[in-house]
Amino acid sequence: MAWKWNISAACRVLALVAAVAALPLLQAIADVASPDIVCFNGKVVTLDSSPGVVSAVAISGGRFVAVGSDKEVLALAGPRTRKLDLKRRMVLPGLIEAHGHPDAAAVSELEGEIPDIGSIPALLAWVEKEAKSKPKGAWIIHPKMFPTRLAEMRQPTLSELDRVAPDHPVFLNGSYGGVINSAAMKASGITAATDDAGISKDSKGQPNGIISYTAFPLLNHERSKPLPFREQALALAALLDRYHSVGFTGVTIGSVRPEDIRLFQYMRQSGLLKMRLFLNILVDFSIEGQSLDEISRKVAALGYSTGFGDEWIRIGALKTSLDGGILTGTAYMREPWGTRAQEIFGIDDPSYRGLSKLSTDELTRFVEAGAERGWKMTAHATGGAATDQLLEAFERVNQAVPLAPLRCSVIHGNFFTPDCIARMKNLGVIADVQPAWFYKDADAMLAIIGPERIKSFNAYRSLIRAGVVVSAGSDHMVKLDDMTAVNPYNPWLAIYAMVTRKTERGSVICPEEALTREEALRCYTINSAFASFEEKTKGSIKVGKLADLVVIDRDYLECPAADIRKIRSVLTVVGGEVVYSALPDVPASE
Ligand SMILES: [Zn+2]
């Protein structure tokens, strides 16, 4: 039989109906037997064992109560059942973004759109325009600018920036590194005498404008003040509506400080939350130089651990950050970054491998303190050496506290060599990957690290072949638009890149690492649900699971590969509620 009733869901509905004593008995019984919604005449990809594709689902009490053929499911419909003809459209389990920062991105364009800049002339033109519109001395800041994403694949030079903005301090922030001009140095008191490893200098010992994140605190610009709480919540709700429009029903928020959990709780209480959230908690205490006892005491003081919460807001992993980023040459690599990176990022030391913030001993103490309290442990690790460091810490702790049940992860990782993949498999560590980075940056990485080292870059097929669970996300940080945001959070762009290994610049890089369409879809659904310990309630379409689904505008499994990135959601449903609709006859709920 292709479908079966979910008894507990039916019982809950029965209890509700029985409570409405005013209804005649026969009517109440009819309501119990009929689902809230029946979606039929579709092509429903369940991602469940069998059958893999059906035509109809029934939803009651926010869960799937039947999954099967039109005949089987339509037979359950009663007079009050809402019937939705899918007109042969494809239905997938609701997509889950495995790593994004929509909370930060939501407020990033409140004061104006952040320009999407693709070349040095466009960048200089933007700086010049800003300089003309701002009083002398006012800072010009771009919050996310990466040299690898400019056509020329280089940073603007100090003289280029000084020419267009002689009297305005300029700061092009690349998260882990950036560029400043002479006016910014003057305003911040940075000179040849400034002794900070984050200030890069030329052969004459003069600052050349390139800085790494350790020098960011030296910059004397005004820090943006936090918005009033309700404004933050409204901005985030609006961005999460955009997430719904591309098919997301759940998001892992990449970094949440403990004091910010209340933002999500506020959204829940005020009816603004229609997205299921898994909140990675970023440690807000220092690990450096701390003893295990001290770190353990601070972890215990948090008062909760992974899994606390419910199907809407759940506490995620305990996270720290290990290194910088691949787009600014600050990722901690296994080998020196190399000569091309020296040109692009302005690195002057040929043996430079990037930056690591913690020693392996410190990291081990952090992992141990969290693991012994039941936390899923994770870290931002973008370079291969940072990933190896994290795996080393995991292996040490695993001797005393088995880590596989905690489903620990490597966030980003990027460079997955056979050795590293084998270690991840042994530890049950999940790869939390960002395929849009591959799409945007694989060409630059190939130019920088060469054809041999690129083989491990986002090696999806090797990971999956070895049995490592791969969950996929965007690392969306700023801007609102799904395609021009940094980073683009449109899952269809990411899935296109996973399936084709094609890049924005039109290359195909390491096609042997491509995934099948079903595997790529799993990275955005059931694998992300597994990563948050929710594979029994989310990530596939199955009787008893939460009724989270997306209806798309073309056949994902059969359409030409080039069309995958053009896929759009026409209907997104979370817990049986329509949260996004492009169908005129199916309004989204308010
Ligand atoms: Zn992130």
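First listed ligand is number 1; within each ligand, the first listed atom is number 1. Keep in mind that the numbers below use all heavy atoms, side chains included, and drop hydrogens, waters and symmetry copies. Since we're looking at a predicted model, the values are computed, not measured.
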Student: What angle, in degrees and rounded to 10°, do you get at the Zn ion (ligand 1) when you join it to NE2 of His101 and to NE2 of His99?
Tutor: 100°

Student: Does His412 put an N, O or S atom under 2.8 Å from the Zn ion (ligand 1)?
Tutor: no

Student: Could you tell me the separation between the NZ atom of Lys479 and the OH atom of Tyr489, rounded to the nearest 0.5 Å?
Tutor: 10.5 Å

Student: Find, among atoms of Asp475 that are N, O or S, the one nearest to the Zn ion (ligand 1), and state its name.
Tutor: OD1

Student: What class does the angle between the rings of Tyr439 and Tyr496 fall in, given that below 30° is parallel, 30 to 60° is tilted and above 60° is perpendicular?
Tutor: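 Plane angle over 60°, so perpendicular.
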
Student: What is the ring orientation for Phe248 with Tyr524, classed by angle as parallel under 30°, tilted 30 to 60°, or perpendicular over 60°?
Tutor: tilted

Student: Report yes or no: does His380 have an N/O/S atom closer than 2.8 Å to the Zn ion (ligand 1)?
Tutor: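 Under 2.8 Å: His380 has no N, O or S contact with the Zn ion (ligand 1).
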
Student: Under 6.0 Å from the ring centre and within 45 degrees of the ring axis: does the NZ or CZ of Arg501 meet both conditions for the six-membered ring of Phe438?
Tutor: yes

